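Labels below follow one simple rule: chain letters A, B, ... track the order of the sequence lines, proteins then strands, and each chain is numbered from 1. Here the structure is a predicted model, which is why all the values come from computation and not from measurement. Heavy atoms only: backbone and side chains are in, while hydrogens, waters and symmetry mates are out.
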Number of protein chains: 2
Amino acid sequence: MSFISTRSRYGLRFLIELSKRRNEGPVDLGSIAEDQAIPETYLAKLVVPLRNAGIIRSARGAKGGYELSRSPDDITVLEVVEVLEGRSSLLECTERPELCARSADCPTLPIWTGLEKAVHDYLKGVSVSDAAAPRAPDYAI
Amino acid sequence: MSFISTRSRYGLRFLIELSKRRNEGPVDLGSIAEDQAIPETYLAKLVVPLRNAGIIRSARGAKGGYELSRSPDDITVLEVVEVLEGRSSLLECTERPELCARSADCPTLPIWTGLEKAVHDYLKGVSVSDAAAPRAPDYAI
DNA sequence: TCTATTGATACTATACTGGTCCGGTTAGGA
DNA sequence: TCCTAACCGGACCAGTATAGTATCAATAGA
């Protein structure tokens with residue numbers, strides 16, 4: 001549907017689970033997939049970019065699984081979204097203005113750039129540990 | 001690609017043109033399509049929801065065309081985006097939480113709701129006349 | 001009536017989303 | 001050592017959205 005697809009949404013829920021189960025050692029994908037009701041094979045694919053980005057680390061073999069490789073305080077939702085959506089931007093125009101011949105004097109460009117910044121600032125201000133917190137914090141409505 | 005597709009982008013540029021050519025009478029689609037370098041047949045489709053929403057009005061026949069039916073101060077970019085993207089939300093979860101069985105205690109829902117609000121507030125604060133202004137106003141970077 | 005212009009509908013190519021499937025690799029434990 | 005739980009990687013697929021194109025009808029001015 002959009003900028004925030006199931007990739008980000010599932011991925012974030014996965015990371016929240018990992019943060020709740022810290023110091024249990026590696027958590028296997030299947031158990032998270034099951035209790036988050038996310039198709040395991042699909043989740044398995046989301047996990048790849050998260051690992052490549054250094055957000056989680058994996059352990060292979062029996063008793064293997066995944067764990068956060070950093071404190072959940074240090075993982076912003078912005079980073080998760082960028083990694084999982086594979087782009088940092090809502091719009092090509094703001095990310096690569098050179099692709100648009102009109103960008104130099106496009107009257108709408110500053111609007112989209114401003115929107116981008118609003119989104120960016122908001123997402124950067126929320127971390128995985130905020131998300132995992134039991135009570136609704138101040139980023140909520 | 002996303003929440004802000006060519007529909008919103010073309011549509012907004014179209015409205016900005018109309019606002020610049022106010023009191024010329026109805027402006028024909030072809031001339032705007034040409035100088036904005038937007039495929040005319042595509043733009044013709046975007047114009048329909050804008051008319052239905054009461055943002056523009058049309059005149060048929062020779063010397064026909066389109067004009068803003070309100071002051072460009074009274075048309076927010078939020079309205080344009082909502083009308084042209086056909087939804088008000090980046091996410092199903094925030095728009096129709098009842099569709100998701102988990103929404104009641106989904107830890108990520110407040111995050112997406114907050115993001116939604118940030119986007120909404122920003123877009124509501126910019127009008128077509130702001131966009132048409134020659135100098136970059138304060139909504140810009 | 002001729003012609004410019006909107007209005008409405010149907011069609012299409014391409015890419016993205018949200019998956020599934022399957023064979024292979026790694027490593028812990030009996 | 002061998003079994004098996006778990007990760008790894010790639011191919012594949014159906015459905016939907018995006019960005020158009022094409023065609024024809026309706027309307028109004030000259």
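Taking both residues in full, the closest heavy atoms of I75(B) and E79(B) are given as CA-OE1, 4.2 Å, listed atom of the first, atom of the second, then distance. Between A59(B) and P26(B), the shortest heavy-atom distance links the atoms CB-CG, 4.1 Å.
A salt bridge is defined here as a Lys NZ or Arg NE, NH1 or NH2 lying under 4.0 Å from an Asp or Glu carboxylate O, and R22(B) with E67(B) fails to meet this definition.
Closest to the side chain of Y66(A), from the set dT6(C), dA19(D), dC8(D), is dC8(D).
The CD-C1' distance, from E40(A) to dC7(D), rounds to 10 Å in whole Å. We find that CD of E67(B) is positioned 12 Å from P of dT6(C), with the value rounded to whole Å. Protein atom CG of L43(B) is 10 Å distant from nucleotide atom P of dT6(C), rounded to whole Å. At whole-Å resolution of the value, OH in Y42(A) and P in dT17(C) are 8 Å apart. Taking atom CZ of residue R7(A) and atom P of nucleotide dC16(C), one finds them 12 Å apart after rounding to whole Å. In this structure, the CG atom of D28(A) is 15 Å from the P atom of dG28(C), given to the nearest Å. The interatomic distance linking L18(B) (CG) with dT6(C) (C1') rounds to 14 Å, in whole Å. Between R57(B) atom CZ and dT6(C) atom P the separation is 15 Å, expressed in whole Å.
Residue S31(A) forms a side chain to side chain donor-acceptor pair (under 3.5 Å) with just one option from R21(A), E17(A), E40(A), Q36(A), and that option is R21(A).
Inspection of the S127(B) and D73(B) side chains reveals no N or O donor paired with an N or O acceptor under 3.5 Å. The closest side-chain donor-acceptor pair between S103(A) and E98(A), if any, does not fall under 3.5 angstrom. For the residue pair Y10(A) / S5(A), no side-chain donor-acceptor distance below 3.5 Å is found, with atom types taken as modelled.
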Enumerate all atom pairs, one protein N or O and one N or O from nucleotides 22-30 of chain D, separated by less than 3.5 Å.
residue, atom, partner, partner atom, Å
dA26(D), N3, R60(B), NH2, 3.1

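Checking the phosphate oxygens (OP1, OP2) of dT17(C), no side-chain nitrogen or oxygen of S5(A) falls inside 4.0 Å.
Contacts of R51(A) with the nucleic acid, taken as non-hydrogen atoms under 4.0 Å apart, involve only primed sugar atoms and P, OP1 or OP2.
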